[in-house]
S.K.: 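My questions will all concern the structure given below.
Only a predicted model underlies this, so the values are computations on that prediction, with no experimental measurement involved. Starting from 1, each residue takes its place in the sequence as its number.
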Amino acid sequence: MQQKFLTNPAPNEMPTRADVVIIGGGPTGAAAAWAIERAAPGTRIVLLEQSAQLAAGASLASLENFRTCWAAPCLHRMMIRSRDVFFRADEYFGEGSNLGIKEQGYLFIAFNDDQAAVLKSDVEHLQRCGLSHMQYLNADEVGQRYPWLKGRVAAAKFDAHAGWLDSNALVYAFARATSSTTFLLDVKETRIRVEGGRVQGVTTSLGAIDAPQVVIAAGANARAVGRTAGIEIPIVVRPRQSFTTGWRHDDFAEEMPCIISGAPHPHVRPEARSGAIFGWEYRINSAKIDPENADGHDDALINPVWPVDTLRDPRFPSLTLSLLARQFGHKPGEGFGDPRYLRGIFHRAGYYVYRDNAYITTPKGRRQGYASQRAIIDAWPGIDGLFLTVAHVGHGIMSAPAAGEILASRLVGQPLPDPEFAAFGLDVPYVEHDSGGLSGSGLPGDE
Ligand SMILES: Cc1cc2nc3c(=O)[nH]c(=O)nc-3n(C[C@H](O)[C@H](O)[C@H](O)COP(=O)(O)OP(=O)(O)OC[C@H]3O[C@@H](n4cnc5c(N)ncnc54)[C@H](O)[C@@H]3O)c2cc1C
């Protein structure tokens with residue numbers, strides 16, 4: 001029987017031929033293998049991972065959250081489909097699959113009337129799109145549900161179809177569910193071979209593999225991998241941070257939802273029995289890192305800086321906590337202002353990867369770029385057999401199953417699972433409501 005996970009294989013074990021090679025073993029590469037096998041059973045796939053284990057990229061720093069409330073139809077349909085797969089894990093990944101799902105919801109908080117109006121119009125929009133579970137809560141309703149927020153919060157938006165899971169378990173569930181994929185670990189120096197406008201396969205530190213189809217799923221390294229095929233993938237990366245604490249204040253109980261606070265949107269959720277995990281899309285000044293590498297706007301970098309941990313800002317945990325304490329009116333020593341939060345912190349960094357070819361056309365006909373939330377899941381034009389699943393921003397875990405299915409339909413030549421998913425095409429410059437992420441609803445006037 002063929003061994004599925006190979007590290008440093010003997011020459012006679014090393015696969016030299018495949019139908020599809022996938023470069024990158026994070027959530028999107030593993031999901032691609034799972035979905036290709038479902039779409040075309042028996043396809044011989046080799047997945048190449050540069051680390052000694054799968055899921056060694058951005059998911060290590062992630063909050064592992066999922067939610068359905070995305071303003072753009074392509075995005076909320078992608079999340080609805082993915083959530084469906086998470087909840088039917090036994091059916092899709094095999095009996096006994098445990099993804100560690102906790103569906104405790106997402107509570108977006110408004111502290112003033114302007115923020116409340118944005119949440120209200122966002123909920124109305126989502127309900128019109130069919131997300132009937134979305135709720136707008138006024139101040140009294142928030143206070144009744146969560147007494148510690150009483151008197152402080154103006155309103156909230158609640159997504160009950162949201163929560164978190166174990167991203168490592170998800171990646172390995174994808175892997176275990178594929179029977180015709182060989183996972184080659186610790187593979188370095190992968191280069192894509194192209195001849196006469198066609199993919200021929202790859203060369204690696206372990207040897208060459210012939211394959212007519214190659215998928216780039218290398219997260220923040222995707223641009224560098226693309227260059228080995230002579231292409232420049234239009235993506236930029238933005239460093240993002242998170243930290244876990246071993247302690248949590250009593251009011252922020254184990255069954256609380258993930259809280260997305262008002263602008264600038266620090267967020268936090270309970271973690272394990274006694275801790276919490278925090279995030280904030282806090283911007284660094286990329287021009288200070290290396291002007292050549294800055295994309296010329298905000299904190300985007302053209303090439304990732306490795307190791308990404310060197311970009312951690314040591315002030316990030318205390319800044320995030322003091323921001324939350326200020327927003328929730330906690331004095332020093334109270335709630336998020338309690339110094340016990342700062343003991344034994346585990347602080348991480350990773351990249352959000354964005355497409356860099358999204359733009360709107362102004363009434364005067366000028367192209368204005370924007371930070372799209374849409375991944376690129378498509379064939380690369382001009383090189384037969386080359387595919388991309390990249391730019392999964394801050395939601396590559398929650399969207400992984402649907403992203404895998406979109407990639408598989410492109411690769412196998414089947415219709416997309418949902419016509420809305422055409423929006424993930426490489427050359428789709430704009431779709432409505434496609435911006436904002438956590439820092440906005442993506443609705444007009446909310447940028
Ligand atoms: C702070 C933070 C918080 C986040 N929170 C969430 C969240 O709550 N929910 C959510 O859904 N998403 C979240 N994300 C985003 C999520 O982690 C990413 O969107 C997701 O990990 C992208 O998956 P990927 O497979 O494309 O890339 P990655 O996870 O980066 O995986 C890429 C893989 O490819 C491998 N690789 C790279 N280069 C090569 C090469 N040349 N050869 C072979 N292998 C290679 C890497 O080692 C890695 O294993 C967060 C991210 C960050 C940084």
S.K.: Please determine whether a side-chain nitrogen of the Lys or Arg among D418 and R81 lies less than 4.0 Å from a carboxylate oxygen of the Asp or Glu.
M.R.: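 No, no charged N to carboxylate O under 4.0 Å.
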S.K.: Return yes if some donor-acceptor pair links the side-chain N/O of Q115 with the main-chain N/O of F111 below 3.5 Å, else return no.
M.R.: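 Side chain of Q115 to backbone of F111, a donor-acceptor pair under 3.5 Å: yes, one is there.
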S.K.: Are M78 and I406 close enough that some pair of their side-chain heavy atoms sits under 4.5 Å apart?
M.R.: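 A side-chain contact under 4.5 Å exists here.
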S.K.: Is the F278-H267 ring centre distance short of 6.0 angstrom?
M.R.: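 Ring-ring flag for F278/H267: false, centres at least 6.0 Å apart.
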S.K.: Within 45° of the axis and under 6.0 Å from the centre of the six-membered ring of Y354, does NZ or CZ of R238 qualify?
M.R.: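 The answer is yes, since R238 meets both limits relative to Y354.
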S.K.: Consider only side-chain N and O atoms of E281 and H265, and report whether a donor and an acceptor are under 3.5 Å apart.
M.R.: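 There is no such pair between these side chains.
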S.K.: Would you say the ring centers of Y351 and W306 fall short of 6.0 Å from each other?
M.R.: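 They qualify: ring centres under 6.0 Å apart.
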S.K.: Report yes or no: does R248 contribute a side-chain atom to a donor-acceptor pair with the main-chain N or O of R273 at less than 3.5 Å?
M.R.: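 Answer holds: yes.
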S.K.: Please tell me whether R191 and T203 have a donor and an acceptor in their side chains that are separated by less than 3.5 angstrom.
M.R.: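 No donor-acceptor contact under 3.5 Å links the two side chains.
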S.K.: Could you tell me if R145 sits above the aromatic ring of F158, with its cationic atom closer than 6.0 Å to the ring centre and no more than 45 degrees from the axis?
M.R.: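 Ring-cation test returns yes.
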S.K.: Between Y106 and F108, is the ring centroid distance below 6.0 Å?
M.R.: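 Yes: the rings meet the under 6.0 Å criterion.
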S.K.: What do you reckon, are the aromatic ring centroids of W70 and H395 less than 6.0 Å apart?
M.R.: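 That pair passes the under 6.0 Å test.
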S.K.: Assert yes or no for the condition that the ring centre distance of Y430 to Y359 is strictly below 6.0 Å.
M.R.: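 Not under 6.0 Å, so no.
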S.K.: Where do S435 and Q373 land on the side-chain hydrogen bond (donor to acceptor under 3.5 Å, both in side chains) test, with the steps shown first?
M.R.: CA-CA 6 Å; S435 62; Q373 293 290 317; over 6 Å; no
S.K.: Is there a donor in the side chain of E64 and an acceptor in the side chain of S167, or the other way round, less than 3.5 Å apart?
M.R.: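 On atom types as modelled, these side chains qualify, holding a pair under 3.5 Å.
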S.K.: Using side-chain heavy atoms (C-beta onward) and a distance below 4.5 Å, is L47 in contact with T182?
M.R.: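 Contact flag for L47/T182 side chains = no.
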S.K.: In terms of ring plane angle, is the pair H133 and H161 parallel, tilted or perpendicular, where the classes change at 30° and 60°?
M.R.: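 H133 and H161: parallel rings.
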S.K.: Please state whether the rings of F243 and H347 are parallel, tilted or perpendicular, taking 30° and 60° as the class boundaries.
M.R.: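 F243 and H347: perpendicular rings.
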S.K.: Look at the side chain of R410 and the backbone N and O of F387, then say whether any donor-acceptor pair between them is shorter than 3.5 Å.
M.R.: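 No, R410 side chain to F387 backbone: no donor-acceptor pair under 3.5 Å.
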S.K.: Under 6.0 Å between the ring centres of F93 and F174?
M.R.: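 Between F174 and F93, which both carry aromatic rings, the centre distance is below 6.0 Å.
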S.K.: For residues S372 and D434, is any side-chain donor paired with an opposing acceptor at under 3.5 Å?
M.R.: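 Yes, side-chain donor-acceptor contact under 3.5 Å.
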S.K.: Could you check whether any side-chain N or O of D159 sits under 3.5 Å from a backbone N or O of T68, counting only pairs where one atom can act as donor and the other as acceptor?
M.R.: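 Yes, because the side chain of D159 sits within donor-acceptor range (under 3.5 Å) of the backbone of T68.
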S.K.: Does any N or O in the side chain of R67 come within less than 3.5 Å of the main-chain N or O of G163, such that one atom is a donor and the other an acceptor?
M.R.: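 A pair under 3.5 Å: no.
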S.K.: Answer with yes or no whether the side chains of E189 and S205 bring together a donor and an acceptor at under 3.5 Å.
M.R.: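 On atom types as modelled, these side chains do not qualify, holding no pair under 3.5 Å.
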S.K.: Could you tell me whether the side chains of Q327 and S261 share a donor-acceptor contact shorter than 3.5 Å?
M.R.: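 Their side chains do contain a donor-acceptor pair, which is all the 3.5 Å distance test asks for.
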